[in-house]
Chemist: 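Have a look at this one before I ask anything.
When a residue number appears, it is its place in the shown sequence, counting from 1. Every heavy atom of this structure was used, including side-chain atoms; hydrogens, water molecules and symmetry mates were not.
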Amino acid sequence: NKTIIGSPIETDDIIFLNANNYGPFDGRDPVPNSHGTRKRLDITVKAFLKLMTLTTMPVKLWIHTNLKAFFEMMNYEKLKVSDFKNRIVLSKNNLSKKELAYIYKVSFANIQTSTGEGWSLTNMESAIYRSLQIVPDFLACKFHFENRGLLIPVVRKTIKNEGGHDVIIGEVSVDDTVNKLLESLSLDNLENLLDIG
């Protein structure tokens, strides 16, 4: 069992998963307040903290990522793991295929708050296990899940990357993310959204 923090998963728990490989901060990220990488795990975390104040449902956040980078991000954002009140589960990246499949199977929804995904592999993998996708209305996420998931509105802006190329960044807000998390808990057409055929 490579889960290192969090209470055991109960049968009635509603698991929101963020399985991004969130890399360590290298000091060169050109996007303001996006500590680490474009994955914007901080938005997922802040949205979940707010969600906990808005619902009495047994929601938990499972974060499957680079733990060193996760704790760096928490420290940078001035957040404490204790703020989650035993509603956070953390696991290491080096899980077996069987262990990763278990995470996908128990997850109600896979949340993605990245500023841009060219493929979004974790969304594709978790969708196979019938996990609801909550993703930015942007790039590959929009293309794959426009009619079979919940799209978080984005604010688009253009920046220059280190190579001098223009790249489009589609940032989502904490409040818009919270709204989609709340919407997911009251869906009456969930089966339709989970149909990946």
Chemist: With rounding to the nearest 0.5 angstrom, report the CG to CG distance, N179 to L51.
Modeler: 10.5 Å

Chemist: Would you call L185 and V59 a side-chain contact if the rule is heavy atoms closer than 4.5 Å?
Modeler: yes

Chemist: Check this for me, if you would: do R40 and D42 make a salt bridge, where the nitrogen-to-carboxylate-oxygen distance has to be below 4.0 angstrom?
Modeler: yes

Chemist: Can you name the closest pair of heavy atoms from Q133 and A127 and give their distance?
Modeler: NE2-N, 3.5 Å

Chemist: Once rounded to the nearest 0.5 Å, what's the spacing between atom CD of E72 and atom CG of N75?
Modeler: 8.5 Å

Chemist: Could you walk me through whether D137 and I152 pass the side-chain contact (heavy atoms from CB on, under 4.5 Å) test, one step at a time?
Modeler: CA-CA 5 Å; D137 184 8; I152 310 168; over 6 Å; no

Chemist: Supply the atom-to-atom distance N20 CG to N110 CG, rounded to the nearest 0.5 angstrom.
Modeler: 7.5 Å

Chemist: When you check the gap from the basic side-chain N to the acidic O, do R87 and D13 get nearer than 4.0 Å?
Modeler: no

Chemist: Is the shortest heavy-atom distance from the side chain of V45 to the side chain of M74 under 4.5 Å?
Modeler: yes

Chemist: For N123, is there any backbone N or O sitting under 3.5 Å from a side-chain donor or acceptor partner on S126?
Modeler: yes

Chemist: Give the minimum heavy-atom separation between S107 and L17, together with the two atoms involved.
Modeler: OG-CB, 3.4 Å

Chemist: Between F84 and F48, how do the two ring planes meet: parallel, tilted or perpendicular, split at 30° and 60°?
Modeler: parallel

Chemist: Would you kindly say whether S96 and E99 are connected by a side-chain donor-acceptor distance under 3.5 Å?
Modeler: yes

Chemist: Where is the tightest heavy-atom contact between I43 and V172, given as atom of each residue plus distance?
Modeler: CD1-O, 3.1 Å

